[in-house]
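Accompanying notes for the structure given below.
Keep in mind the model is a prediction, meaning the values are calculated, not measured. Below, chains carry the letters A, B, ... as their sequence lines are ordered, and counting in each starts from 1.
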Protein chains: 2
Amino acid sequence: MEYNSPYVPPTLTVDAVIFQLNDNKLEVLLVNRQSEPFKGSWALPGGYNAEGETTLEALKRVVAKKTGVHIIDDLSYVEQLYTFDTVARDPRGHAVSVTYMGCGQGVNKHITESNVKFYPVDSLPELAYDHAEIIKYAHQRLNAKLTYTNTVYAFLPKTFTLTELQLSYEAIMGRPLDKRNFRKKIISLGLINKTDKMRRDGAYRPAHLYEFRTPSLEYLTRSLD
Amino acid sequence: MEYNSPYVPPTLTVDAVIFQLNDNKLEVLLVNRQSEPFKGSWALPGGYNAEGETTLEALKRVVAKKTGVHIIDDLSYVEQLYTFDTVARDPRGHAVSVTYMGCGQGVNKHITESNVKFYPVDSLPELAYDHAEIIKYAHQRLNAKLTYTNTVYAFLPKTFTLTELQLSYEAIMGRPLDKRNFRKKIISLGLINKTDKMRRDGAYRPAHLYEFRTPSLEYLTRSLD
DNA sequence: GCAAAAGTGTTTGGGATACACCCATGC
DNA sequence: GCATGGGTGTATCCCAAACACTTTTGC
């Protein structure tokens, strides 16, 4: 094949699983399909990868066009997830999809299209293709990553309270954490610095604000779980 | 692009990083290139992925043809690694390569081609493309995987002694482990069973033989490091 | 003074680490 | 009996887990 037959590559596509936290619920960005196949179903934002562009370039182009979200400017963390190749994305033939996972804060504010929406991961609508599987895979990866890296930073604003940080962990991991143990551990890990600002939120005792020492991916010395 | 221009996908290729242990050294399977580009350099076994075959099917076909190794029959573990897309694999244009990692025992016995050889990972020859980077990535992944799964099983024969098991870990992780602590931990993890057989190896005290309880991927309850 | 969220310490158990000697065999 | 690799136990330290009350503020 490599030597004599004319080489025909499969279709190459890219898809993004974009997470944000809203109201302490983990949400995924979905697009309502306006055309066949799967017209009317919800799908991950994605599209074709042409010759001459990298998968990340293709993703940037395609996600911006379909949703208004810029995966570089509007997200705090992006990583390649997995390449799925068992799906007939298009009735005409076999397609290979390189998927990415991204996390950000307030990403919904960048949506420009009316058929685009964040859905909570635990109440997803009917999904096109194998996108349910891809989201599940991404969620697992995110969960694992939370326990041995500082990935949460991607979901939080620049400053935040310890309670907000704990609620973020709880939302993504899907289980409650002990308040005192959580604070002890997070502080002993040295991931965050206390700022000298406070937040007077509603009407009660103000909370200290913290910031991440390094708002970029770091591996933890001890795992958090 | 998705709508009007004629769609031209990039070239799609697959590459395999196949590990084995030999003489307690971690080795990678390499192919000496007989043609341009990179003629004379060593490269990972790989090739083109045509339309209509999955990446794993393409890999199976290509690796068997170039080396004689059957990635399903001759390896104990295979997983997808990462998709690299920044490389001009071919002077003619941009190529995307889906890479896999595989591990086996005595894989060298299946080599049928004279330009194919296992090299120790710590003394690799001049490598084609970005294959040095891919091997480094695979080695890191393997290392991480060893600490939270039972992946070592893929490198060992059906029965083995505790010393052999320890030496395997040490070879892959690249550092010595304490003998008593290692045995305590491995046994307490319940990954292996003691068989009633012994091995009289050279001429000294015979060693008990062990086997893996489950010779397939499992996640450890406590991490090994 | 009361409602609401912020903040704070101690005890206990288990696993990780460090460390050195005796045992079984073939020659 | 000796050379070689196989096999074993204990003490310490640190981290994880469990657990409840006081403080600060606005009203």
- Any side-chain donor near an acceptor of the partner, A/Asn22 and A/Lys25, under 3.5 Å: no

- Note on the structure: Comparing A/Arg183 with A/Tyr204, nearest DNA chain C nucleotide closer to 5' gives the residue A/Tyr204

- Query: With A/Tyr100, which residues qualify under ring pair (Phe, Tyr, Trp, His ring centres under 6.0 Å), at least two apart?
  - Reply: none

- Note on the structure: Between CD of A/Glu164 and C1' of C/dA5 the distance, given in whole Å, is 12 Å

- Note on the structure: To the nearest angstrom, the CG-P distance between A/Leu165 and C/dG7 comes to 12 Å

- Base, sugar-phosphate alone, or nothing: which one does B/Thr163 contact when heavy atoms must sit under 4.0 Å apart? sugar-phosphate

- Message: For B/Phe182, give me all partners under ring pair (Phe, Tyr, Trp, His ring centres under 6.0 Å), at least two apart in sequence or on another chain.
- Response: B/Tyr169

- Item | Residues that A/Ser223 engages under side-chain contact (heavy atoms from CB on, under 4.5 Å), provided they are two or more places apart | A/Asp225

- Query: Which residues pass the side-chain hydrogen bond (donor to acceptor under 3.5 Å, both in side chains) test with A/Arg222, sequence neighbours left out?
  - Reply: A/Ser188

Kindly list each side-chain donor-acceptor pair under 3.5 angstrom involving residues 114-125 of chain B, sequence neighbours excluded, with atom names and distances?
{"residue": "B/Asn115", "atom": "ND2", "partner": "B/Asn32", "partner atom": "O", "Å": "2.8"}

- Query: Can you list every pair that meets salt bridge (Lys or Arg N to Asp or Glu O under 4.0 Å) and has a residue in residues 134-152 of chain B, with sequence neighbours left out?
  - Reply: B/Glu79-B/Arg141, B/Glu79-B/Lys145

- Message: Check this for me: does the side-chain of A/Arg205 come within 3.5 Å of the base of C/dA6 through a donor and an acceptor?
- Response: yes

- Query: Taking 5' to 3' order, which nucleotide of DNA chain D is first and which is last to have an atom within less than 4.0 Å of a heavy atom in chain A?
  - Reply: D/dC15 to D/dG26

Pairs of donor and acceptor atoms involving the side chains of residues 189-197 of chain B, under 3.5 Å and at least two apart or interchain, shall be tabulated with distances.
{"residue": "B/Thr195", "atom": "OG1", "partner": "B/Lys197", "partner atom": "N", "Å": "3.3"}
{"residue": "B/Thr195", "atom": "OG1", "partner": "B/Leu209", "partner atom": "O", "Å": "2.8"}

- Task: Compute whether any side-chain donor of one residue and acceptor of the other, for A/Thr149 and A/Thr151, lie under 3.5 angstrom apart.
- Result: yes

- If the sugar-phosphate is the primed atoms plus P, OP1 and OP2 and the base is the rest, what is the B/S/- string for nucleotides 12-20 of chain C, using protein heavy atoms under 4.0 Å? ---SSBBBB

- So which pairs with a foot in residues 207-217 of chain B pass side-chain hydrogen bond (donor to acceptor under 3.5 Å, both in side chains), sequence neighbours left out? B/Arg213-B/Glu218, B/Thr214-B/Glu218

- Note on the structure: Sequence neighbours excluded, the answer for ring pair (Phe, Tyr, Trp, His ring centres under 6.0 Å) partners of A/Tyr153 is none

- Message: Expected output is a numbered-order residue list: members of residues 193-200 of chain B with a heavy atom under 4.0 Å from any atom of DNA chain C. What is it?
- Response: B/Arg200

